[in-house]
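Accompanying notes for the structure given below.
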Amino acid sequence: MKQKQKENLKGAPAFEKFYSELYGERWELLKKAFFEENTSVEYKIPGGEKSYFLDSASVLAALCLPLKKEFEEYDEPESILDLCAAPGGKTLVLASRMAENARLSANERSPERKHRLATVVQTCLPEEINSRITVSCSDGSTWCTRQSECFDKILLDAPCSSERHVIADPKYLNQWSLSRIKTVTMEQWALLSSAYRLLKEDGIMVYSTCALCPQENDEMIEKLFKKFNKDGSSFELLEPEPDVSEIEKFVNISLPDFEKTKYGYAILPDKQKGAGPIYFSIIHKIKSHLT
């Protein structure tokens, strides 16, 4: 079948065929896990008015972006960017971990979702932390046309196919198609290439999605290698080192395990008591001249 014809296939049968071919016998276990209750964890930051409930896999992904732990007077304040931040759960994880002099930019393209993000930041964080967070409404894919190499740490939790939500909603399931994945990956690449340009030398970025298909996950990182790392000296991929002690004051959590993929890691709900799905990859932009 020609590629164009494949992309035009849509609906539940096409969705089922595509993912069953990807995951084989495991697909039935994943579907079963999708329909079971996903137990969220409560994230409560002292001084904030409200708690926030989120997937433990999302907590782990945000925890895998290493941040400076302590304020040092001689340090420049660490600049952190959450590029696609709404609804705000991962923003709270970053905010609760950042050093006392660090600053966090939480951005969302949609005005409606940005309003929700701002409400979460306002109600779930104490004023001392809230005062060091800037909430913005901007297209992250074009941010790099205005600035470059200006953030020490970046979290890009990219918009994605979100199969767990698709399969649970007949309306979205009937609209699903391979061409939709193609559209989403174009958006993801625009965001990822922009985020990479915004990252300072020696900076670290976590790219994550809640998608299952490799086009939105490992293949995005492979494309980053081809574009920016042809000689192997521009960036490297890091192993995750999540430290639950950084957040034990805010959440009672048992972190899920992750599976290695070609360029990153995946947390899948069939093996992690409903947590996920989450894919993440940790990118370290190497200094041009190390001293």
Side-chain angles (χ1 to χ4, degrees), residues 12-43 53-65 84 87 89-90 93 155-169 172-173 176-178 180-182 184-185 188 191-192 205-224 237-244 247 251-283:
F15 180 90
E16 179 69 21
K17 184 175 188 297
F18 179 75
Y19 287 99
S20 62
E21 288 178 355
L22 273 180
Y23 285 93
E25 294 180 359
R26 190 175 183 182
W27 176 235
E28 291 302 319
L29 298 174
L30 283 167
K31 285 196 297 181
K32 182 180 178 182
F34 286 162
F35 286 105
E36 294 174 352
E37 183 179 0
N38 180 9
T39 305
S40 297
V41 295
E42 180 182 12
Y43 209 87
F53 292 84
L54 71 165
D55 191 319
S56 60
S58 295
V59 175
L60 187 144
L63 194 57
C64 283
L65 183 65
C84 300
K90 293 185 182 70
V93 178
L155 173 63
L156 171 54
D157 185 30
C160 67
S161 290
S162 190
E163 294 92 346
R164 185 168 194 154
H165 295 98
V166 170
I167 201 170
D169 190 320
Y172 292 114
L173 184 58
W176 183 89
S177 67
L178 280 176
R180 171 60 181 157
I181 292 179
K182 184 176 181 180
V184 169
T185 55
Q188 290 168 338
L191 287 164
L192 180 57
M205 171 170 60
V206 167
Y207 170 80
S208 69
T209 78
C210 57
L212 289 173
C213 60
Q215 292 94 324
E216 301 180 44
N217 297 331
D218 271 346
E219 290 183 21
M220 280 294 109
I221 307 303
E222 186 168 90
K223 192 170 183 178
L224 196 72
L237 300 181
L238 303 181
E239 295 182 2
E241 297 181 348
D243 182 0
V244 74
I247 57 172
V251 61
N252 181 16
I253 189 173
S254 176
L255 293 177
D257 291 329
F258 40 80
E259 306 172 26
K260 184 73 180 74
T261 67
K262 186 175 182 180
Y263 296 113
Y265 303 86
I267 302 168
L268 298 179
D270 61 322
K271 293 187 177 180
Q272 298 305 320
K273 300 179 180 178
I278 287 285
Y279 169 88
F280 64 95
S281 183
I282 309 168
I283 300 153

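None of the values given here were measured: they were computed from a predicted structure.
Every residue two or more places apart in sequence or in another chain was checked for a side-chain hydrogen bond (donor to acceptor under 3.5 Å, both in side chains) with S56, and none qualifies. The side-chain hydrogen bond (donor to acceptor under 3.5 Å, both in side chains) check on Y265 picks up nothing, with sequence neighbours excluded. In this structure D243 satisfies the salt bridge (Lys or Arg N to Asp or Glu O under 4.0 Å) test together with K69, sequence neighbours excluded. The side-chain contact (heavy atoms from CB on, under 4.5 Å) search around K223 returns W189, not counting sequence neighbours. Remark: K31 pairs with E16, E28 by the salt bridge (Lys or Arg N to Asp or Glu O under 4.0 Å) rule, at least two apart or across chains. Among residues two or more places apart in sequence or in another chain, the side-chain contact (heavy atoms from CB on, under 4.5 Å) test is passed with N252 by none. For the side-chain contact (heavy atoms from CB on, under 4.5 Å) test, residues two or more places apart in sequence or in another chain that qualify with L268 are Y23, R26, L30, L212, E259, A266, D270, P277. For F34, the ring pair (Phe, Tyr, Trp, His ring centres under 6.0 Å) criterion is met by no residue, not counting sequence neighbours. Shown here are the salt bridge (Lys or Arg N to Asp or Glu O under 4.0 Å) partners of E219, two or more places apart in sequence or in another chain: there are none. With sequence neighbours excluded, the residues forming a salt bridge (Lys or Arg N to Asp or Glu O under 4.0 Å) with E21 are K17, listed by chain and number. Taking S162 as the reference, C160, H165, C210 meet the side-chain contact (heavy atoms from CB on, under 4.5 Å) condition, with sequence neighbours excluded.
Pairs engaging residues 156-169 under the salt bridge (Lys or Arg N to Asp or Glu O under 4.0 Å) rule: K90-D157 [sequence neighbours left out].
Atoms OG and CG, on S281 and L238 in that order, are 9.0 Å from each other to the nearest 0.5 Å.
A salt bridge between E222 and K262 is present, with a side-chain N of the basic residue lying under 4.0 Å from a carboxylate O of the acidic one.
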